[in-house]
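All remarks here apply to the structure that follows.
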Amino acid sequence: MIETHSTWYRRGLRDGIPIGLGYLAVSFTLGIAAEVSGLTVGQAVWMSLLNNTSAGEFAALGIIAAGAPYLEMAFTQFVINLRYLLMSCALSQKIEPQTPIWQRLLMGYTVTDEVFGISVSVPQRLDPFYCFGAMSVAAPSWALGTCLGILIGDALPARAVSALSVALYGMFLAVILPPARKDRVIAGVVAVSMGFSALFAWTPVLSQISSGTRIIILTILISGAAALWFPLKEETTDEA
């Protein structure tokens, strides 16, 4: 049975709901930071609609508050968000070769850590409308959370705001645990990734590397080693 674009879109909407809830909670703290940086509600909401990256936006707010030049902003965003280039390359291998360029470009806009996580987990060929559906929930939730944070963030106690920021990590666990329970190799890769990530964060020299660059280095090294030692066997069918 061939699934239509609308079917894929509805699947994306369904799978994007947990992401949207996580984004709503986490972007609340972003709204508070935006207010401290001097942004208006409209400016903060547009920033969140056009830039779906928590690390990139928090870094941008710091640069805006410091009055740094545009060149510094561009370079910082390039380094922090460079990991999305790797994610996009991975997803490009899951879509049909004849996928129109406008779908590829719009799909690139949807690439976040969480949307990538659910998209790459799709066992068969991926339809870009799946990503469109997920982002139809995730992007408005991210912007809404930013809006609420800048409007009512000061009314909440600090502990409540801190608790909201943990929601996204719970969602990450929901993405990686099911496949890790089914496959020992995936479980091992996840464990090794967590261990090396902690090593990079706690080692004095390595901790000076930006988070985006750290993710790129670990992704290339660990995924490359996993692909070399535990390659996937391609299924072949003999034609009669």
Side-chain angles (χ1 to χ4, degrees), residues 16 18-88 91 105-119 131-132 134-154 156 158 160-172 175 197 201 207-216 219:
I19 296 178
L21 294 175
Y23 280 2
L24 183 65
V26 175
S27 61
F28 199 92
T29 57
L30 180 68
I32 297 175
E35 182 185 19
V36 173
S37 299
L39 269 65
T40 65
V41 176
Q43 290 171 338
V45 170
W46 273 111
M47 180 182 69
S48 286
L49 279 174
L50 300 176
N51 301 274
N52 302 300
T53 161
S54 58
E57 287 189 59
F58 275 110
L61 291 174
I63 294 174
I64 291 172
Y70 291 129
L71 183 60
E72 181 177 340
M73 173 73 79
F75 180 75
T76 301
Q77 295 302 313
F78 174 77
V79 173
I80 291 177
N81 299 312
L82 191 59
R83 68 185 186 278
Y84 295 130
L85 177 62
L86 298 178
M87 297 179 189
S88 298
L91 290 181
L105 293 175
L106 188 56
M107 189 177 177
Y109 164 75
T110 69
V111 176
T112 66
D113 299 332
E114 298 75 28
V115 174
F116 171 78
I118 63 173
S119 299
C131 300
F132 302 161
M135 189 52 71
S136 294
V137 179
S141 298
W142 183 256
L144 176 60
T146 303
C147 179
L148 294 176
I150 200 172
L151 288 176
I152 63 174
D154 293 337
L156 294 179
V161 175
S162 178
L164 288 173
S165 63
V166 181
L168 204 59
Y169 297 99
M171 186 187 61
F172 263 125
V175 171
S197 181
S207 62
Q208 302 302 314
I209 303 174
S210 68
S211 59
T213 303
R214 269 185 274 168
I215 291 175
I216 293 173
T219 298

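Rounded to the nearest 0.5 angstrom, Ile32 CD1 and Ile152 CD1 are separated by 9.0 Å. Here the CG-CE distance, from Leu39 to Met47, works out to 6.0 Å after rounding to the nearest 0.5 Å. The CZ atom of Arg83 sits 5.5 Å away from atom OG1 of Thr53, with the distance rounded to the nearest 0.5 Å. To the nearest 0.5 angstrom, Asn51 atom CG is 7.0 Å from Gln77 atom CD. In this structure, OH in Tyr109 is found 13.0 Å from SG in Cys131, a value given to the nearest 0.5 Å. In this structure, CG in Leu85 is found 8.0 Å from CZ in Phe78, a value given to the nearest 0.5 Å.
Residues Ser88 and Val111 come closest through the heavy atom pair OG-CG2, 3.8 Å. Scanning all heavy atoms of the two residues, the minimum distance from Ala138 to Ile19 falls at CB-CG2, 3.9 Å. Between Tyr84 and Thr112, the shortest heavy-atom distance links the atoms CE2-CA, 3.8 Å. Of all heavy-atom pairs spanning Val41 and Cys147, the tightest one is CG1-SG, 3.9 Å. When every heavy atom of Asn52 is checked against every heavy atom of Ala139, the shortest pair comes out as OD1-CB, 4.0 Å.
Taking the side chain as every heavy atom from C-beta outward, Phe28 and Thr146 never approach each other to under 4.5 Å.
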Check your understanding: Can you check side-chain contact (heavy atoms from CB on, under 4.5 Å) on Leu21 and Ser141, steps first, answer last?
Key -> CA-CA 7 Å; Leu21 294 175; Ser141 298; over 6 Å; no
Assess the residue pair Val115 and Met87 against the criterion (side-chain contact (heavy atoms from CB on, under 4.5 Å)); give the C-alpha distance rounded to whole Å, side-chain angles, the decisive distance to 0.1 Å, and a yes or no. CA-CA 10 Å; Val115 174; Met87 297 179 189; over 6 Å; no
Atom pairs and distances, side-chain donor-acceptor, residues 55-75, under 3.5 Å, sequence neighbours left out:
| from | atom 1 | to | atom 2 | distance (Å) |
| --- | --- | --- | --- | --- |
| Glu57 | OE1 | Ser48 | OG | 3.1 |
| Glu57 | OE2 | Trp142 | NE1 | 2.7 |

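Put simply, the side chain of Thr40 gets close to the backbone of Gln43: a donor and an acceptor are under 3.5 Å apart.
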